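Model, not experiment: these values are computed from the prediction. First listed ligand is number 1; within each ligand, the first listed atom is number 1. Heavy-atom basis, side chains included; hydrogens, waters and symmetry copies ignored.
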Amino acid sequence: MPSRDTKPGVLLNRASPPTVLAHAVTAPRSSACPGLLRIVPARDGGICRIKLPGGVLSATQARAIADASTRHANGAAELTNRANLQLRGVRSGHEAALSAALIRAGLGPAAELSSAHATANHPHTTDPTALSCADDVRNVMISPAAGRDPHALIDTTPLCGALLTLLQSDPRFVALSPKFALLLDGGEQLARVDHPHDVWFAASPDEAGVRFVFGLAGCPGSAGATATNSTNASVGEHREANGTGALAAVPPSRVPELVRALLHTFLDLAAADATRMRDLLATRSADALLRHAQRYVDFPLARDASLSHWQRHIAADASLRLGAHAQRDDGTWHVGGQPSLGRIDAATLRQLAALAQQHGNGMLHATPWQSVLLPDIATTAVPAVLAKLSALELACDPAQAITHVIACAGSAGCAKGLADTRSDALRLAECLPAGVDVHLSGCPRSCAAAHRAPYTLLAVAPGRYDLYRRDGRPGFGQCVAPQLTIDEAAALLARLARSTPHA
Ligand code: SF4
């Protein structure tokens with residue numbers, strides 16, 4: 001029987017070696033995704049992505065990012081839909097200096113863990129390729145209010161740390177795509193559960209306490225809603241995004257062991273051109289994957305039919321990212337605001353860092369809605385923090401239309417963009433009625449949204465967009481009007497919102 005430690009954070013069941021099939025992926029995948037050390041060229045300069053463990057960065061790190069962005073890039077930081085940050089406009093010749101500055105600030109992969117990748121794939125622990133491999137795998141999303149949300153069933157923070165350690169410790173995981181991602185849902189009300197993830201875990205009440213229900217290539221089911229903003233996602237979209245649905249459940253102590261088993265299963269069975277779990281599921285059934293994963297764990301692993309209609313215990317509410325909301329502990333609040341289209345200039349980032357130190361716990365939480373949360377604010381300080389966020393032009397009220405609009409880089413920053421989506425999005429927000437969620441995409445790649453927005457404006461020419469309404473069919477949904485100007489789109493969206501208020 002393999003040895004097994006039930007504490008999260010300990011690598012488990014080492015007695016079972018990977019079963020590498022003839023066609024299995026064993027080498028690092030090439031990728032065009034930006035990373036800390038892989039700065040990808042774009043029309044407006046290089047793009048550097050900074051992965052934040054659990055979406056959290058310290059005030060000191062925020063200042064380091066502000067300094068690095070001023071010195072080496074365009075002087076701003078962008079919040080991403082995975083609760084990370086990225087810098088754009090990295091100057092030619094500044095790439096190595098930028099990466100070094102961010103690593104010095106503690107924003108890179110754990111050096112001692114990346115040595116595992118170096119040992120297996122590269123002879124030197126300081127090899128940038130080894131560091132880049134370790135950086136790529138750090139994809140675990142949790143709620144920005146993890147450990148603080150009054151409705152959470154469990155604090156996912158320690159387990160998130162354990163999974164990040166696991167991902168960086170196994171040399172074989174360099175073969176995962178940088179997009180391969182895990183979701184760890186603690187049952188918070190403030191939770192993003194509409195992004196399909198390769199493997200998802202969701203806390204569920206159990207007689208013994210809490211178990212984690214899990215599924216592949218989808219999202220946790222929701223008791224009535226998987227809110228994308230303040231509106232509910234459609235049943236059709238949920239079906240589209242739900243992958244295998246809930247497969248089975250394990251106690252929290254077994255989550256790392258199960259993740260390891262599922263990732264080895266993916267790497268054993270996936271073809272070289274299969275980068276995501278959904279690609280593998282197109283060729284193998286979920287039951288076949290569980291049977292294969294069984295060889296890596298010493299507890300029974302099979303589909304639990306009683307979970308086929310499992311749902312989260314509470315509907316997610318993304319509007320809680322904005323404004324002030326009470327935390328689990330009496331007298332403490334999290335206060336959040338959203339910069340326009342997720343972009344923060346360096347001066348604002350420094351002021352947010354100062355605010356977190358003055359009134360919070362010195363930490364900033366990035367959210368997957370491209371906003372910022374300051375946790376642990378005392379009741380007496382809430383008005384001052386809200387006032388400061390507003391002074392910094394961060395929207396703190398979900399009634400503000402700008403909190404419902406997202407846009408990719410568009411033609412100003414990306415060669416594939418057919419329109420200047422960011423400028424058009426700002427103009428649209430000025431005349432959009434409250435509560436209409438719209439995504440402007442410069443091309444069909446949909447970089448700004450991992451979910452399907454209720455409405456998508458897909459650029460077809462400068463200043464011209466086709467309008468799609470989400471209806472459950474693949475892609476953006478149904479095209480309801482072609483070739484609209486922004487003013488025409490705003491007028492039509494207002495009419496559509498009046499006739500279908502919960503679209
Ligand atoms: S969606 Fe298209 S235009 Fe927009 S950033 Fe992505 S690739 Fe570029």
>> For R192 and D194: C-alpha separation, side-chain torsions, deciding distance, then whether salt bridge (charged side-chain N to carboxylate O under 4.0 Å, His left out) applies.
In response: CA-CA 6 Å; R192 178 129 229 183; D194 59 348; 2.7 Å; yes
>> At less than 4.0 angstrom from any atom of ligand 1, which residues have a non-hydrogen atom? List them by chain and residue number.
In response: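 Correct list: C408, A409, C414, K416, G417, S441, G442, C443, R445, S446, C447.
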>> Just to verify, what does V259 make a side-chain contact (heavy atoms from CB on, under 4.5 Å) with, not counting sequence neighbours?
In response: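 With sequence neighbours excluded, V259 shows a side-chain contact (heavy atoms from CB on, under 4.5 Å) to L163, L166, L182, F201, V255, L263, given in chain and number order.
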> Take atom CD in E393; do more than 12 heavy atoms of anything else shown fall under 6.0 Å from it?
Replying inline: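 Not buried by this count: 12 neighbours or fewer within 6.0 Å.
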Under 3.5 Å, side-chain donor or acceptor atoms of residues 92-108 against the rest of the protein: list the pairs with distances, not counting sequence neighbours.
from : atom 1 : to  : atom 2 : distance (Å)
H94  : ND1    : H72 : ND1    : 3.0
E95  : OE1    : G93 : N      : 2.9
S99  : OG     : L36 : O      : 2.7
S99  : OG     : E95 : O      : 3.3

> Partners of R49 by salt bridge (Lys or Arg N to Asp or Glu O under 4.0 Å), sequence neighbours excluded?
Replying inline: none
>> Donor-acceptor pair, distance only, cut-off 3.5 Å: does the side chain of R91 make one with the backbone of A73?
In response: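 Side chain of R91 to backbone of A73, a donor-acceptor pair under 3.5 Å: yes, one is there.
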